[in-house]
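The structure under discussion appears below in the form of structure tokens.
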Amino acid sequence: MTAFPAVSMAARRRRASLRLCATVFLLDVAFCKGFVEDLDESVTALVTRHAGSRSTSHQVPQMFTTRDQKFKDNRKDDIWLVDFYAPWCGHCKKLEPVWNEVGLEMKSIGSPVKVGKMDATSYSSMASEFGVRGYPTIKLLKGDLAYNYRGPRTKDDIIEFAHRVSGALIRPLPSQQMFEHVQKRHRVFFVYVGGESPLKEKYIDAASELIVYTYFFSASEEVVPEYVTLKEMPAVLVFKDETYFVYDEYEDGDLSSWISRERFQNYLTVDGFLLYELGDTGKLVAIAVIDEKNTSVEHTRLKSIIKEVARDYRDQFHRDLQFGHMDGNDYINTLLMDELNIPTVVVLNTSNQQYFLLDRQIQSAEDMVQFIHSILDGTVQAQGGDSIWQRLKRIVFDAKSTIVSIFKSSPLMGCFLFGLPLGVISIMCYGIYTADTDGGYIEERYEVPRSEVEGQDPKEESKEPLEPRSQDALAPPHQEPKDVLEKKTD
């Protein structure tokens with residue numbers, strides 16, 4: 001008898017703890033949301049108060065216009081990090097908790113950047129003014145400029161983007177200690193060394209365009225580490241992969257294009273998003289397609305070979321190739337519209353969607369280097385491309401993949417989506433077929449009286465001209481008039 005109260009008390013404690021956890025969670029969510037200003041919510045509040053006044057209804061749109069104009073004017077005085085979203089967008093709902101964490105973090109560190117969000121479907125005029133074409137779209141508004149964020153939708157990456165873009169376009173490095181601090185903190189960064197020059201003007205223009213991707217600094221020759229050798233001044237350098245590269249206008253061409261190519265590390269863990277970004281570099285991408293969960297010799301050896309080539313042949317290939325590995329072959333199979341057996345190596349040309357495959361296994365770094373030379377020399381035949389045939393093939397492949405994925409995820413839904421249209425089409429075809437059959441039968445019944453009429457005497461035809469027969473002619477003989485029966489008897 002005494003066991004029941006003990007169980008009851010334990011259950012009560014569990015319920016109380018669950019309530020406490022739920023309360024803490026809700027308070028935490030509400031606390032995080034408090035640091036993200038809902039821009040369209042403030043507009044709605046103004047409209048609600050205005051609608052409660054004695055003014056007419058046609059003045060409500062004026063309040064929208066006034067609030068829109070106010071935000072557009074006042075935003076130039078502050079730096080805004082805005083999420084343009086749509087209420088029905090699944091990706092926007094997934095971003096919402098991350099966005100609340102971003103607002104809390106920016107507030108806690110005392111950042112001058114204000115974090116907000118706006119319903120782009122309700123305020124389409126402002127969204128179109130800022131160039132919003134998809135959801136969610138993250139932009140940092142700084143003065144007259146709007147910077148678009150294209151990185152992963154994680155808290156750390158978004159905050160890093162906000163810090164980079166909201167600060168100075170080109171940050172000075174006054175000492176060697178500051179230079180070493182920047183080297184430890186950033187994996188890739190660019191430095192202008194020298195005084196005023198036309199090259200510096202080009203550097204500033206490139207930085208204003210590419211600040212969304214990487215950091216730009218300036219330093220004097222005394223601040224640069226001793227191991228850096230500069231043949232001429234001024235110069236632009238990129239520091240990455242524990243080394244540096246110097247921009248050469250004659251070999252590297254346009255400065256902005258060179259920075260866009262060199263803003264990535266030489267070896268990367270490649271996914272679909274990063275592969276899309278690598279398309280702007282114009283480089284070939286050599287990828288080891290492996291299964292990272294598989295610890296067999298084949299998988300680990302192939303990854304080690306790609307890393308070795310990227311490290312030891314950096315000076316030879318860094319202008320033309322990007323190296324990395326990809327976990328799994330699902331994305332690469334979709335991209336190539338083919339089934340690749342892993343582990344394997346594929347070299348992608350992201351500018352024209354061509355790819356290169358080796359017909360044998362790579363056993364050493366020398367085999368990989370020889371394969372790359374064959375690609376650069378044009379002796380290896382490229383597959384894929386962006387021709388009309390490949391585009392048609394892509395349409396068929398995407399349609400097939402969509403249908404298969406629907407049936408795999410929900411067979412009943414697939415049967416409903418594709419079975420219903422097929423059933424309707426079948427009924428329509430059956431109706432058309434039966435209608436044609438009935439028409440031919442009626443036409444055949446018409447032919448019988450015509451043959452009889454042709455066998456009659458022409459004089460009778462002149463006396464009794466034939467009248468067009470209707471469906472009454474198909475009635476039974478006992479329903480016909482008597483004079484018609486007498487004529488047929490004669």
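This one's a predicted model, so the numbers in the text were calculated from it and none came from an experiment. We're numbering straight along the sequence, starting at 1.
Between Glu262 and Arg319 there is no salt bridge, since no side-chain N of the basic residue sits under 4.0 Å from a carboxylate O of the acidic one. For the pair Glu249 and Lys202, the salt-bridge criterion is met [side-chain N within less than 4.0 Å of a carboxylate O].
Within the 4.5 Å cutoff, side-chain heavy atoms of Ile259 are placed close to those of Leu255. Side-chain contact between His163 and Ile109 is present, with at least one heavy-atom pair separated by less than 4.5 Å. Between Arg171 and Phe216, the closest side-chain pair of non-hydrogen atoms is not below 4.5 Å. Put simply, the side chain of Val82 does not reach to within 4.5 Å of the side chain of Lys117, judged on heavy atoms. With a 4.5 Å cut-off on side-chain heavy atoms, Leu237 and Phe245 do not count as touching. The shortest side-chain heavy-atom distance between Val246 and Leu230 falls under the 4.5 Å cut-off.
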Show your reasoning for whether side chain to side chain contact (heavy atoms under 4.5 Å, CB included) applies to Val347 and Ile372. CA-CA 9 Å; Val347 179; Ile372 293 173; 5.5 Å; no

Could you please spell out the steps behind the side chain to side chain donor-acceptor pair (under 3.5 Å) verdict for Tyr213 and Arg150? CA-CA 9 Å; Tyr213 299 117; Arg150 297 183 179 179; 3.1 Å; yes

Determine, step by step, whether His299 and Asp291 satisfy the side chain to side chain donor-acceptor pair (under 3.5 Å) criterion, reporting the C-alpha distance in whole Å, the side-chain angles of both residues, the deciding distance to 0.1 Å, and the verdict. CA-CA 7 Å; His299 291 260; Asp291 183 3; 5.8 Å; no

Evaluate Ser351 against Asn349 for side chain to side chain donor-acceptor pair (under 3.5 Å), listing each step before the verdict. CA-CA 6 Å; Ser351 60; Asn349 187 342; 2.6 Å; yes

Just do the side chain to side chain donor-acceptor pair (under 3.5 Å) check on Tyr215 and Glu160 with the steps written out, would you? CA-CA 11 Å; Tyr215 283 90; Glu160 177 73 12; 2.7 Å; yes

ring-ring contact (aromatic ring centres under 6.0 Å, His included) evaluation trace for Phe130 with Trp80: CA-CA 13 Å; Phe130 291 119; Trp80 282 91; over 10 Å; no

Side chain to side chain contact (heavy atoms under 4.5 Å, CB included) evaluation trace for Met106 with Ile159: CA-CA 8 Å; Met106 299 295 281; Ile159 292 175; 4.0 Å; yes

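Atom CG of Leu302 is separated from atom CD1 of Ile362 by 6.0 Å, given to the nearest 0.5 angstrom. Here the straight-line distance linking atom OG of Ser260 with atom CD of Glu277 works out to 9.0 Å at 0.5 Å rounding. The CZ atom of Arg311 sits 11.0 Å away from the CG atom of Asn266 when rounded to the nearest 0.5 Å. With rounding to the nearest 0.5 angstrom, the CD1 atom of Ile342 is 8.5 Å from the CG atom of Asp330. Here Leu284 contributes atom CG and Leu278 contributes atom CG; the two are 11.5 Å apart, rounded to the nearest 0.5 Å. If you take CD on Gln363 and CD1 on Ile305, they are separated by 7.0 Å, rounding to the nearest 0.5 Å.
For the residue pair Tyr192 and Ser197, the shortest heavy atom distance occurs at OH-OG, 2.7 Å. Listed here is the closest heavy atom pair of Ser166 and Ile79: O-CD1, 3.8 Å. Smallest separation of non-hydrogen atoms from Glu209 and Ser256: OE1-OG, 4.1 Å. Minimum heavy-atom separation, Ser175 to Val223: O-CG1, 3.3 Å. Heavy-atom minimum distance, Arg164 versus Thr214: CD-O, 3.2 Å. Closest heavy-atom contact between Ile306 and Gly324: CG2-O, 3.8 Å.
Phe239 and Tyr244 have tilted rings, their planes meeting at an angle from 30° to 60° on a 0 to 90° scale. Note: Trp88 and Tyr135 have perpendicular aromatic rings, judged against thresholds of 30 and 60 degrees for the angle between ring planes. Using bins of under 30°, 30° to 60° and over 60° for the plane-to-plane angle, the ring pair Tyr149/Phe161 lands in the tilted bin.
Remark: the backbone N or O of Ile290 is not paired with any side-chain donor or acceptor of Asn294 at under 3.5 angstrom. Checked by atom type and distance alone, the side chain of Lys283 never pairs as donor or acceptor with a backbone atom of Thr350 at under 3.5 Å. Side chain of Asn329 to backbone of Ile332: no donor-acceptor contact under 3.5 angstrom is found. Side-chain atoms of Lys240 come within 3.5 Å of backbone atoms of Phe264 as a donor-acceptor pair (strictly under, hydrogens ignored).
Within the structure, the ring pair (Phe, Tyr, Trp, His ring centres under 6.0 Å) test picks out the following pairs touching residues 319-365 (sequence neighbours left out): Tyr267-His325.
Side-chain atoms of Asp157 and Thr154 include a donor-acceptor pair closer than 3.5 Å. Judged purely by distance below 3.5 Å, without hydrogens or angles, the side chains of His373 and Gln316 pair a donor atom with an acceptor atom. In this model, a donor atom of one side chain and an acceptor atom of the other lie less than 3.5 Å apart for Thr121 and Asp119.
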